[in-house]
**Q** 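Quick one: the structure is below, and I'll ask about it shortly.
The model shown is predicted, which means the values in this text are computed figures rather than measured ones. One-based numbering, in listed order, for ligands and for the atoms of each.
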Amino acid sequence: MRSMGTQQDLRVQILMLDDGLEPPAYATDGDAGADLRTAVDVVLEPGARALVPTGVALALPRGYAGLVHPRSGLAARHGLTIVNAPGTIDAGYRGEIKVCLLNTDRSEAVRLSRGDRIAQLVIQRVEHAVFAVVDELPDSVRGTGGFGSTGGFGALDATPADLRSAAGG
Ligand SMILES: O=c1ccn([C@H]2C[C@H](O)[C@@H](COP(=O)(O)OP(=O)(O)OP(=O)(O)O)O2)c(=O)[nH]1
Ligand SMILES: [Mg+2]
C-alpha cells in the first residue's frame, strides 16, 4: 500500500526536473526510504561506475538531511552499490540528486532503463554542532580503542599478513 501521508509527515517540496518520471515514493507504508529512479538508460560494465541523474531536486527543511542509500535487492542480485553510500543531500542543496552507482559484479554488466528504481532516499533529522576546542576530552569506557580493539579481527598494528595468518589463510 502506498503511503498517502499523515498529519505527522514532514512536508518536503520537490521539483521534478523530468516530467516523464514518477516522483520519489515509499513503496509500502512505513518504509524508511523513498525510491529514486534513473532518468537515463545506463549500462555498467563489471567494476564500472556512473553518476546517474534522478530528475529530482528537493528543498529539505533546515535540520534535515537526505541520505541516498543502495537498494538491497539490486545489491544482492546484481552487485549494484553506491560508491559514496550513503550519499548526503544537504538541506541547502537545490540541484538535481545524482547517484554514483558502482557495479561490483566481477563478470556481469548491470543494465538499467530510464524509470528503474536505483536507490532510496532516507530523510533524517540531523544536529548542527558547534565545535568547542578543548584541552582534554572526558573519560569513557572505550577510551581511544578502535579499529577492532574489542577483538575478533586482530590488533590495529597487525599487518595484512598477520591478519591473514590469524584467520588461518
Ligand atoms: O549522492 C549524492 C551526494 C551528494 N549529492 C549532492 C547533494 C549534496 O548536498 C551535494 C554535495 O555533496 P557532498 O557534500 O557529499 O559532496 P562534496 O564532494 O563535499 O561537495 P561540496 O564541496 O559541494 O560539498 O551534492 C548528490 O546529488 N548525490
Ligand atoms: Mg560537502
**Q** Under 4.0 Å from a heavy atom of Ile97: which atoms of ligand 1 are those, numbered in the order shown and with their elements?
**A** 27 (O)
**Q** List every atom of ligand 1 that sits less than 4.0 Å from any heavy atom of Asn84, numbering the atoms from 1 in the order shown and giving each element.
**A** 1 (O), 2 (C), 3 (C)
**Q** Identify the protein heavy atom lying closest to atom 7 (C) of ligand 1, giving its residue, its atom name and the separation to 0.1 Å.
**A** Tyr93 CD2, 3.3 Å
**Q** side-chain contact (heavy atoms from CB on, under 4.5 Å) for Leu112 and Leu101? Distances and angles first, verdict last.
**A** CA-CA 11 Å; Leu112 300 164; Leu101 291 176; 3.6 Å; yes
**Q** Which residue owns the protein heavy atom closest to atom 28 (N) of ligand 1, what's the atom, and how far is it?
**A** Lys98 O, 2.7 Å
**Q** Find all atoms of ligand 1 within a distance of less than 4.0 Å from any non-hydrogen atom belonging to Glu96, and give their numbers and elements.
**A** 27 (O)
**Q** If I take atom CZ from residue Arg37 and atom OG1 from residue Thr54, how far apart are they, to the nearest 0.5 angstrom?
**A** 11.5 Å
**Q** Counting non-hydrogen protein atoms only, what is the nearest one to atom 14 (O) of ligand 1? Give residue, atom name and distance.
**A** Asp90 OD2, 3.9 Å
**Q** Using a distance threshold of 4.0 Å (strictly less than), state whether atom 24 (O) of ligand 1 has a protein heavy-atom neighbour.
**A** no
**Q** Report yes if the side chains of Thr150 and Arg142 come closer than 4.5 Å at any heavy-atom pair, otherwise no.
**A** yes
**Q** For residues Leu60 and Val126: do they belong to one hydrophobic cluster (side chain heavy atoms under 4.5 Å, members Ile, Leu, Val, Met, Phe, Trp, Tyr)?
**A** no
**Q** Ignoring hydrogens, tell whether any protein atom lies closer than 4.0 Å to atom 16 (O) of ligand 1; use the non-hydrogen atoms only.
**A** no
**Q** Do Tyr26 and Ile14 sit in the same hydrophobic cluster, where Ile, Leu, Val, Met, Phe, Trp and Tyr count as joined when their side-chain heavy atoms come under 4.5 Å apart?
**A** no
**Q** As a quick check of understanding, evaluate side-chain contact (heavy atoms from CB on, under 4.5 Å) for Val56 and Met16, giving each step before the final call.
**A** CA-CA 5 Å; Val56 173; Met16 291 307 295; 3.9 Å; yes
**Q** To check your reading of the model: name the closest protein heavy atom to atom 5 (N) of ligand 1, its residue, and the distance in Å.
**A** Ile89 CD1, 3.7 Å
**Q** Taking atom CZ of Arg114 and atom CG of Leu21, what is their separation to the nearest 0.5 Å?
**A** 4.5 Å
**Q** Going by the atom numbers of ligand 1, which of them fall below 4.0 Å from some non-hydrogen atom of Thr88?
**A** 3 (C), 4 (C), 5 (N), 7 (C), 8 (C), 9 (O), 12 (O)
